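First comes the structure, then the notes that go with it.
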Amino acid sequence: MPATVSPPASITALTLRAAELGGMTLAQLAARVAVPVPASQIRHKGWTGELLERALGAHSGSRPEPDFAHLGVELKTLPVNARGRPRESTYICVAALDGRAQSWEASLVRQKLACVLWVPVEAGPSLPLGERRVGTPFLWRPTAEDERQLRSDWEEIMEAVAIGRLDQISARQGRWLQLRPKAANARAQTPGFTDDGSPGATLPRGFYLRSLFTAQLLARRGGAQPPTTAAI
DNA sequence: AGCTGATCATAT
DNA sequence: ATATGATCAGCT
């Protein structure tokens, strides 16, 4: 039975709590909240993220709200390699593909990224799950420049969606933000447009932050890290 | 090696 | 099916 951690009362309490996790291994964290460490992530892809949620007192489950709704903070783990570079893009949210008009201001992408607590975690197939260590968490709010760039990509992608040309969009589009499949499998369906541009079911897709973007956040954060976690 | 498209688990 | 958490795996 997993142990329960109470929700942090403030952003300050949250960041302090997060800072204390820096340097810990996932095995130590798992023991603290009493959850087992899987042998592999192949069938537990979201395990690290869910572990951090528990450890920090988030418990929104799969509900469509921020992890720390009362604080307006979203929690995102960031898998990094031995050199401290992001190993993967970061999933943000699903995209509405039905062509209804949307504005950047009211977009889910903008809401999701309004305030994010990033938690770097060592990752890689050669590093056993339990031995991976938590890096130095940091709170991020998009700067005006961050938002300008994300908005530019979002609008370009959504313009193609709005005219029903889902077939013209690929993950190659977008400098910082991209649209990629987000589904149980390639047969999944959601309202959208078929390849000929007519209304119909299509593959669900989601917005992802390219690793180049998160790499810049890590670099911007800068600062000295403990020797053993020099890279993260 | 990096990237794109596909996939896995769980809760609602 | 939608939304949460992401990583896998084949191709360039």
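Computed from a predicted structure; not experimentally measured. Order of the sequence lines fixes the chain letters, A, B, ..., with proteins taken first and strands second; residue numbering starts at 1 for each chain.
Among the atoms of the strands shown, none is found under 4.0 Å from any heavy atom of A:R205. If you check every strand for non-hydrogen atoms under 4.0 Å, A:P125 touches nothing. Nucleic acid contact class of A:T190 (heavy atoms, under 4.0 Å, all strands): sugar-phosphate only. Within 4.0 Å (heavy atoms only), A:T77 reaches sugar-phosphate atoms of the nucleic acid but no base atom. A:A123 comes within contact range of no nucleotide atom at all, as no heavy-atom separation falls under 4.0 Å. Using a 4.0 Å heavy-atom criterion, one finds that A:G46 contacts the bases of the nucleic acid, with or without backbone contacts as well.
Nearest to the side-chain atoms of A:K112 among the listed nucleotides C:dC8, C:dG5, B:dT4 stands C:dG5. With B:dT7, C:dG5, C:dC8 as the candidates, the nucleotide lying closest to the side chain of A:E88 is C:dC8. Closest to the A:R180 side chain, of the nucleotides B:dC8, B:dT7, B:dT4, is B:dT4. You'll find that the side chain of A:R43 is closest to B:dA9, out of B:dA9, B:dT4, C:dG5. The side chain of A:S211 approaches B:dC3 more closely than any other nucleotide in the set B:dT7, B:dC3, C:dA9. The side chain of A:P191 approaches C:dT2 more closely than any other nucleotide in the set B:dT7, C:dT2, C:dT4.
Comparing A:Q178 and A:A186 against DNA chain B, the residue whose closest nucleotide sits nearer the 5' end is A:Q178. Residue-to-nucleotide proximity on DNA chain B shows that, of A:I42 and A:R172, the 5′-proximal contact is made by A:R172.
When rounded to the nearest whole Å, the span between CD of A:E74 and C1' of C:dT4 equals 9 Å. The CG-P distance, from A:L51 to B:dA9, rounds to 19 Å in whole Å. To the nearest angstrom, C1' of C:dT2 lies 15 Å from CD of A:E65. For the pair A:N81 CG and B:dC3 P, the interatomic distance rounds to 12 Å; values are reported in whole Å. Rounded to whole Å, atom C1' of B:dG5 lies 16 Å from atom CG of A:D167. With rounding to whole Å, A:K45 atom NZ is found 18 Å from B:dA11 atom C1'. A:L75 places its CG atom 12 Å from the C1' atom of C:dA6, with the value rounded to the nearest Å. Distance A:I92 CD1 to C:dT4 P: 11 Å, rounded to the nearest Å.
Residue A:K182 has no polar side-chain atom (N or O) positioned under 4.0 Å from OP1 or OP2 of B:dA6. Residue A:R63 has no polar side-chain atom (N or O) positioned under 4.0 Å from OP1 or OP2 of C:dT2. Within the structure, every side-chain polar atom (N or O) of A:Y91 is placed at least 4.0 Å from both OP1 and OP2 of C:dG5. For the pair A:R187 and B:dT7, the criterion of a side-chain N or O lying under 4.0 Å from OP1 or OP2 is met.
A side-chain donor-acceptor contact under 3.5 Å links A:W140 and A:D146. No hydrogens or angles considered: a donor-acceptor pair under 3.5 Å links the side chains of A:T48 and A:Q41.
In the displayed structure, A:R32 atom CZ is contacted under 6.0 Å by at most 12 heavy atoms of other residues, nucleotides or ligands. Applying the 6.0 Å contact sphere to CD of A:Q189 captures more than 12 heavy atoms from other residues, nucleotides or ligands.
When the side chains of ILVMFWY residues are joined at heavy-atom separations under 4.5 Å, either directly or via intervening members, A:L75 and A:Y91 end up in two distinct hydrophobic clusters.
In this structure, A:R17 does not pair ionically with A:E20, as no charged nitrogen and carboxylate oxygen lie closer than 4.0 Å.
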